[in-house]
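Comments concern the structure below.
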Amino acid sequence: MKNYLITGGAGFIGSNLTQKLLDTGNTVTVVDNLLTGSKENITPFAANPQFHFLQADIISTEWAKELHGQKFDTIFHLASPASPKQYYTHQKETLLVNSTGTLNVLELLKESGSGNVVFTSTSEVYGDPLEHPQKETYWGHVNPVGERSCYDESKRFAEALCMSYVRQQQLDIRIARLFNTYGPNMEREDGRVVSNFIVQSLQNKPITVYNEGKQTRSFSYVSDTVDGLIALSEHGKTGEIYNIGNDTERTILDVAHIIKKATGSDAPVTPIPYPKNVPGDDPQRRCPDLTKARTQLHYNPTISFEDGITKTIPYFKNRFNL
Ligand code: UDP
């Protein structure tokens, strides 16, 4: 049985990861400031003696002092606003959690003298990619001052910081580049395509396809993403980067029709211009090349989009009374 620390463990992916690690008998400490994560996501673990929660902002250094002397097998570093609406709203916090916050996580690893860090980066580091599908070796096509830059560039900075600590401090750090993920514990108001379309469908409101919906994404059900992160912590190599996600690419227009059908909704699929609270430079195509994760981590996402959506709809109905 292992001892894990998860920054951002009250968030969407973090709470699913916490659940899986607790279910398999491990001990998990979550650090989260609840800026975009939610207490509701971790309430089910409160009675578990192997679960610990520290409400703190990892930009400060106080939280690390509270954990002083503890040895973690793996620190999963997920803390950061992650949906475009969230990071566009919290630009400074996003820049700081990925820079100063990541520095504090790496210093904690250094002080503890054992274990590893899995840093969760993002497919956004590829920007609006000119290479398809995206391999880990692709350098990306990012606007350094665009409306997404607080996220893209701070994640790129964090990757560079991780690599510096691997090269100069000989620490064991691995990087996951997560692609679009969906499933239970998503926030209703996070502005992501899957949450928006499910809520709109269940309320029979127009399904808001931005632009013409020709842009593509590749969607991973959260249990597959969580399995990828755990596989990375067990089989990944120091200083290596792995795409984690699903490699079935589809248009946003298709997503709208699949979700409409799965909910049995009469809602109209309605193309609209990009709203003001959505950052510009929307990547037009996104699909991971998973060869490295498949061969080195034995990662194999198994949940189809249709099945994953069918599992996700009851969560939205129950949690938000829809
Ligand atoms: N999108 C959309 N309607 C919505 C929300 C999102 O058409 O109500 C599109 C968005 O423009 C993007 C894709 O869906 O092309 C995925 O957006 P999301 O915010 O989920 O994540 P991203 O991949 O951009 O980080």
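Whatever order the structure lists ligands and atoms in, that order sets their numbers, starting from 1.
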Exercise answer: donor-acceptor pairs, residues 54-61 side-chain atoms, under 3.5 Å, sequence neighbours excluded:
residue	atom	partner	partner atom	Å
Asp57	OD1	Ile59	N	3.0
Ser60	OG	Asp57	O	3.0
Ser60	OG	Glu62	N	3.4

Tabulate below the donor-acceptor pairs under 3.5 Å that side-chain atoms of residues 42-50 make, not counting sequence neighbours, or state none.
residue	atom	partner	partner atom	Å
Thr43	OG1	Lys39	O	2.8
Asn48	OD1	Gln50	N	2.8
Gln50	NE2	Gly25	O	2.9
Gln50	NE2	Asn26	O	3.1

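Side-chain contact between Ser123 and Pro288 is absent, with no heavy atoms from C-beta onward closer than 4.5 Å.
Within 4.0 Å of ligand 1, heavy atoms belong to protein residues Pro84, Glu124, Arg148, Asn180, Gly191, Arg192, Val193, Asn196, Phe197, Thr208, Val209, Tyr210, Gln215, Arg217, Ile252, Tyr274, Asp282, Arg286.
For Tyr4 and Phe72, the ring centers are positioned 6.0 Å apart or more.
Leu103 pairs by the side-chain contact (heavy atoms from CB on, under 4.5 Å) definition with Leu161, Tyr165, not counting sequence neighbours.
Between Tyr138 and Tyr126, the ring planes lie parallel to each other; the angle is under 30°, not in the 30° to 60° tilted range.
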